[in-house]
Amino acid sequence: MGYIRAEDVLPEEVIDLIWQYVDGELVYIPRKGQKRCWGSVTGARDNLKLRNESIYTQYMKGISVQELAACYCLSEKSIQRIIRELKKSPPSESHILRALKGGK
């Protein structure tokens with residue numbers, strides 16, 4: 001994200017008003033409209049979901065937490081958390097098939 005100078009885009013009156021609240025500080029102005037969820041643009045959220053479903057599927061097939069941690073370069077605690085979360089709401093059959101085809 002690049003910065004733009006306020007003087008280049010805002011009227012002087014608006015800058016004077018902002019100075020009443022912050023002077024010389026960085027201010028983030030969010031986008032107008034609907035906020036996007038983390039990972040929705042890059043696909044990171046979907047990739048992690050597939051990875052986690054693959055971990056759960058392999059665990060259910062008998063692969064140990066220690067082996068999964070080594071395979072995915074995650075801590076055993078992270079693997080246990082993923083398994084615990086997916087036990088609450090296991091992935092659908094189509095997700096499991098996708099994870100098996102594309103997963104480790």
Side-chain angles (χ1 to χ4, degrees):
M1 174 174 90
Y3 293 99
I4 56 175
R5 293 177 50 83
E7 293 89 359
D8 295 341
V9 294
L10 298 174
E12 191 174 325
E13 304 82 42
V14 173
I15 294 172
D16 288 337
L17 183 62
I18 293 171
W19 276 335
Q20 292 177 17
Y21 298 93
V22 291
D23 188 10
E25 300 291 328
L26 296 176
V27 177
Y28 172 74
I29 300 173
R31 287 180 172 258
K32 258 194 336 188
Q34 188 176 10
K35 187 176 178 180
R36 294 184 231 161
C37 294
W38 173 88
S40 64
V41 174
T42 63
R45 181 181 295 265
D46 291 335
N47 290 339
L48 287 176
K49 184 175 181 181
L50 282 176
R51 181 205 66 184
N52 293 350
E53 289 170 349
S54 179
I55 288 170
Y56 181 74
T57 301
Q58 291 179 58
Y59 174 78
M60 295 305 289
K61 286 180 150 189
I63 306 223
S64 72
V65 169
Q66 295 79 13
E67 290 175 293
L68 290 168
C71 181
Y72 287 92
C73 299
L74 294 171
S75 70
E76 291 179 19
K77 290 280 188 195
S78 293
I79 297 292
Q80 291 168 348
R81 179 186 47 78
I82 290 166
I83 292 167
R84 185 174 55 250
E85 287 174 3
L86 286 176
K87 272 186 181 177
K88 291 178 189 173
S89 59
S92 67
E93 187 175 323
S94 62
H95 285 131
I96 292 172
L97 291 174
R98 228 184 5 220
L100 288 173
K101 287 180 183 175
K104 291 185 179 181

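Throughout, residue positions are numbered sequentially from 1 according to the sequence presented.
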Check your understanding: So do the side chains of Ile79 and Ile83 get within less than 4.5 Å of each other, counting heavy atoms only?
Key -> yes

**Study point:** Heavy-atom side-chain contact between Glu85 and Tyr56 under 4.5 Å
**Key:** no

First locate atom [atom1] of [X], then atom [atom2] of [Y], and finally report the distance between them rounded to the nearest 0.5 Å.
{"X": "Ile82", "Y": "Asn52", "atom1": "CD1", "atom2": "CG", "answer": "4.0 Å"}
{"X": "Gln58", "Y": "Ser64", "atom1": "CD", "atom2": "OG", "answer": "10.5 Å"}
{"X": "Lys49", "Y": "Arg45", "atom1": "NZ", "atom2": "CZ", "answer": "9.5 Å"}

Practice item. Tell me yes or no: between the side chains of Tyr72 and Ser78, is some donor less than 3.5 Å from an acceptor? Key: no

Practice item. Give a yes or no on whether Glu12 atom CD has more than 12 heavy-atom contacts from other residues, nucleotides or ligands under 6.0 Å away. Key: no

Exercise for review: Start with the C-alpha gap between Lys77 and Gln80, add the side-chain angles, then the distance that decides, and say whether side chain to side chain contact (heavy atoms under 4.5 Å, CB included) holds.
Suggested key: CA-CA 5 Å; Lys77 290 280 188 195; Gln80 291 168 348; 3.8 Å; yes

Review point. With distance as the sole test, does Thr57 use its side chain to make a donor-acceptor pair with the main-chain N or O of Glu53 at under 3.5 Å?
Key: yes

Point to revise | Shortest non-hydrogen contact from Leu68 toward Tyr59 | key: CD1-CB, 3.8 Å

Study note, to complete from the structure: Residues passing the side chain to side chain donor-acceptor pair (under 3.5 Å) test with Glu76, sequence neighbours excluded, are none

Practice item. Apply the side-chain contact (heavy atoms from CB on, under 4.5 Å) test between Val14 and each candidate in Leu17, Ile18, Asp16; give the one that qualifies. Key: Ile18

Revision key, fill the gap. In Leu86, Ile63, Leu74, the residue satisfying side-chain contact (heavy atoms from CB on, under 4.5 Å) with Ile55 is Leu74

Review point. Linking I/L/V/M/F/W/Y whenever their side-chain heavy atoms sit closer than 4.5 Å, directly or via other members, would Tyr21 and Val27 fall into one cluster?
Key: no

